[in-house]
Engineer: 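Once you've had a glance at the structure underneath, I'll fire off some questions.
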Amino acid sequence: MKNSFLFLLILTVSFTYGQDIDSLKVIEIPESYANRQGEPFTVKRDSLYIFRTPDVYLVNTKSFLAIKNVYLSTLEQDKMTKSLIEKYTETLSRNIELERRLKINFKASDSLDLEVYKRTQATLSNTQRALDFTINSLEKANNGLELIEKNTRRQRRKSAFEKVLFALGGVGIGVLVGVSL
């Protein structure tokens, strides 16, 4: 009898409380809510909630708005950071392209410089040959002038000696003619 009384008591209590729960609005928060993104549920007064998620964080309105503002400002900073990274990437790409063009220009300039160097070397070599030829010509001309100068001196001496001989011969003939007459 005791068992049946206890059974009836438990049945009556469950039936009474069971009716109260059914008359109230019960909101079930599923386990998938833990992975949900977006604004959280707003809890209403005098409502029952069954949380199937592993953790529940209760935050008042002011704290929620503060957290939301921090989150939004973080998103703004992320947008600014993305913009800065995009601009930096564009600038970096442009600089890489300019560096590539500069290398091409340097190679072209180097090849032109090499061509100018080769031509300058050829011109210098030709100029050196011309100078050597001119020096040789000048030495030959100088040697020729020395020979001409020696011949001229010899001719002068010879001519002076001949003049002296003619003068002596004329004096000798004049003496002979003067003595014989």
Side-chain angles (χ1 to χ4, degrees), residues 31-41 53-181:
E31 188 174 344
S32 64
Y33 181 75
N35 296 327
R36 181 176 172 270
Q37 290 185 353
E39 290 200 24
F41 287 131
T53 59
D55 296 318
V56 176
Y57 299 98
L58 297 176
V59 180
N60 63 20
T61 304
K62 286 183 180 179
S63 296
F64 174 74
L65 291 175
I67 291 170
K68 184 178 177 181
N69 287 338
V70 167
Y71 174 74
L72 291 176
S73 70
T74 303
L75 285 179
E76 280 283 318
Q77 288 176 353
D78 283 348
K79 288 177 185 176
M80 277 187 357
T81 304
K82 278 184 180 179
S83 173
L84 285 173
I85 288 174
E86 287 173 1
K87 288 180 181 177
Y88 178 75
T89 305
E90 288 173 12
T91 303
L92 188 60
S93 298
R94 189 174 61 245
N95 287 346
I96 288 172
E97 178 62 23
L98 289 174
E99 181 182 12
R100 187 185 66 77
R101 287 182 187 169
L102 189 62
K103 283 181 180 178
I104 291 171
N105 287 341
F106 278 148
K107 285 181 182 177
S109 176
D110 285 346
S111 66
L112 287 176
D113 288 345
L114 184 62
E115 187 64 32
V116 167
Y117 175 75
K118 286 179 182 177
R119 288 186 182 184
T120 304
Q121 285 296 89
T123 304
L124 184 62
S125 176
N126 290 338
T127 305
Q128 185 65 39
R129 277 190 239 123
L131 283 174
D132 289 342
F133 179 76
T134 305
I135 289 172
N136 286 337
S137 296
L138 285 175
E139 284 179 2
K140 287 178 183 177
N142 197 18
N143 290 339
L145 285 175
E146 285 177 5
L147 284 174
I148 291 172
E149 192 177 319
K150 283 181 185 177
N151 283 336
T152 306
R153 282 188 213 143
R154 194 178 309 140
Q155 286 295 331
R156 279 188 202 154
R157 277 187 256 143
K158 186 178 175 185
S159 154
F161 183 68
E162 286 176 354
K163 287 179 185 175
V164 169
L165 281 179
F166 276 121
L168 284 177
V171 171
I173 290 178
V175 171
L176 284 178
V177 171
V179 173
S180 63
L181 277 181

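What you see is a predicted model; the values in this text were computed from it and never measured.
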Engineer: Under 3.5 Å, sequence neighbours excluded: what are the donor-acceptor pairs made by side chains of residues 65-75?
Structural biologist:
{"unit_1": "K68", "atom_1": "NZ", "unit_2": "E39", "atom_2": "OE2", "d": "3.1"}
{"unit_1": "N69", "atom_1": "ND2", "unit_2": "L65", "atom_2": "O", "d": "3.3"}
{"unit_1": "S73", "atom_1": "OG", "unit_2": "N69", "atom_2": "O", "d": "3.4"}
{"unit_1": "S73", "atom_1": "OG", "unit_2": "V70", "atom_2": "O", "d": "2.8"}
{"unit_1": "T74", "atom_1": "OG1", "unit_2": "V70", "atom_2": "O", "d": "2.8"}

Engineer: What residues, two or more places apart in sequence or in another chain, satisfy side-chain hydrogen bond (donor to acceptor under 3.5 Å, both in side chains) together with D55?
Structural biologist: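 side-chain hydrogen bond (donor to acceptor under 3.5 Å, both in side chains) list for D55, sorted by chain: empty.
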
Engineer: Sort and list the pairs that fulfil salt bridge (charged side-chain N to carboxylate O under 4.0 Å, His left out) and have at least one residue in residues 152-173, not counting sequence neighbours.
Structural biologist: E149-R153

Engineer: Tell me whether F106 at atom CZ has more than 12 heavy atoms from other residues, nucleotides or ligands lying less than 6.0 Å away.
Structural biologist: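 Open.
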
Engineer: Report all side-chain donor-acceptor pairs from residues 134-145 shorter than 3.5 Å, counting only partners two or more places apart or in another chain.
Structural biologist:
{"unit_1": "T134", "atom_1": "OG1", "unit_2": "A130", "atom_2": "O", "d": "2.7"}
{"unit_1": "N136", "atom_1": "ND2", "unit_2": "D132", "atom_2": "O", "d": "3.4"}
{"unit_1": "S137", "atom_1": "OG", "unit_2": "F133", "atom_2": "O", "d": "3.0"}
{"unit_1": "N143", "atom_1": "ND2", "unit_2": "E139", "atom_2": "O", "d": "3.4"}

Engineer: So how far is it from Q128 CD to T123 OG1, rounded to the nearest 0.5 Å?
Structural biologist: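 Reported value, rounded in 0.5 Å steps: 13.0 Å.
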
Engineer: What pairs meet the salt bridge (charged side-chain N to carboxylate O under 4.0 Å, His left out) rule with one or both residues in residues 105-121, with sequence neighbours excluded?
Structural biologist: E115-R119

Engineer: I need the S159 OG to F166 CZ distance, nearest 0.5 Å.
Structural biologist: 10.0 Å

Engineer: Quick one: side-chain hydrogen bond (donor to acceptor under 3.5 Å, both in side chains) partners of T53, sequence neighbours excluded?
Structural biologist: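 Counting only residues at least two positions away or on another chain, T53 forms no side-chain hydrogen bond (donor to acceptor under 3.5 Å, both in side chains).
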
Engineer: Taking side-chain hydrogen bond (donor to acceptor under 3.5 Å, both in side chains) as the test, write out the residues that go with N126, two or more places apart.
Structural biologist: R129

Engineer: So, using side-chain contact (heavy atoms from CB on, under 4.5 Å) as the criterion, who are the partners of V177 when residues are at least two apart?
Structural biologist: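 Counting only residues at least two positions away or on another chain, V177 forms a side-chain contact (heavy atoms from CB on, under 4.5 Å) with I173, L181.
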
Engineer: Only counting residues at least two apart or in another chain, list the ones meeting side-chain contact (heavy atoms from CB on, under 4.5 Å) with E31.
Structural biologist: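 Partners of E31 by the side-chain contact (heavy atoms from CB on, under 4.5 Å) criterion, ordered by chain and then number, come out as R52.
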
Engineer: Report the C-alpha separation of R100 and E97 in whole Å, then their side-chain angles, then the decisive distance to 0.1 Å, and conclude whether the salt bridge (charged side-chain N to carboxylate O under 4.0 Å, His left out) test is met.
Structural biologist: CA-CA 5 Å; R100 187 185 66 77; E97 178 62 23; 2.4 Å; yes

Engineer: Please list, chain by chain and in numerical order, all residues satisfying side-chain contact (heavy atoms from CB on, under 4.5 Å) with I85, sequence neighbours excluded.
Structural biologist: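 Result, side-chain contact (heavy atoms from CB on, under 4.5 Å) vs I85: T81, T89.
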
Engineer: Just how far is it from atom CD of E99 to atom CG of L92, taken to the nearest 0.5 Å?
Structural biologist: 9.5 Å

Engineer: Once side-chain contact (heavy atoms from CB on, under 4.5 Å) is applied, do any residues pair with V164, and if so which ones, sequence neighbours excluded?
Structural biologist: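 Testing V164 for side-chain contact (heavy atoms from CB on, under 4.5 Å), a comparison that skips the adjacent residues, returns L168.
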
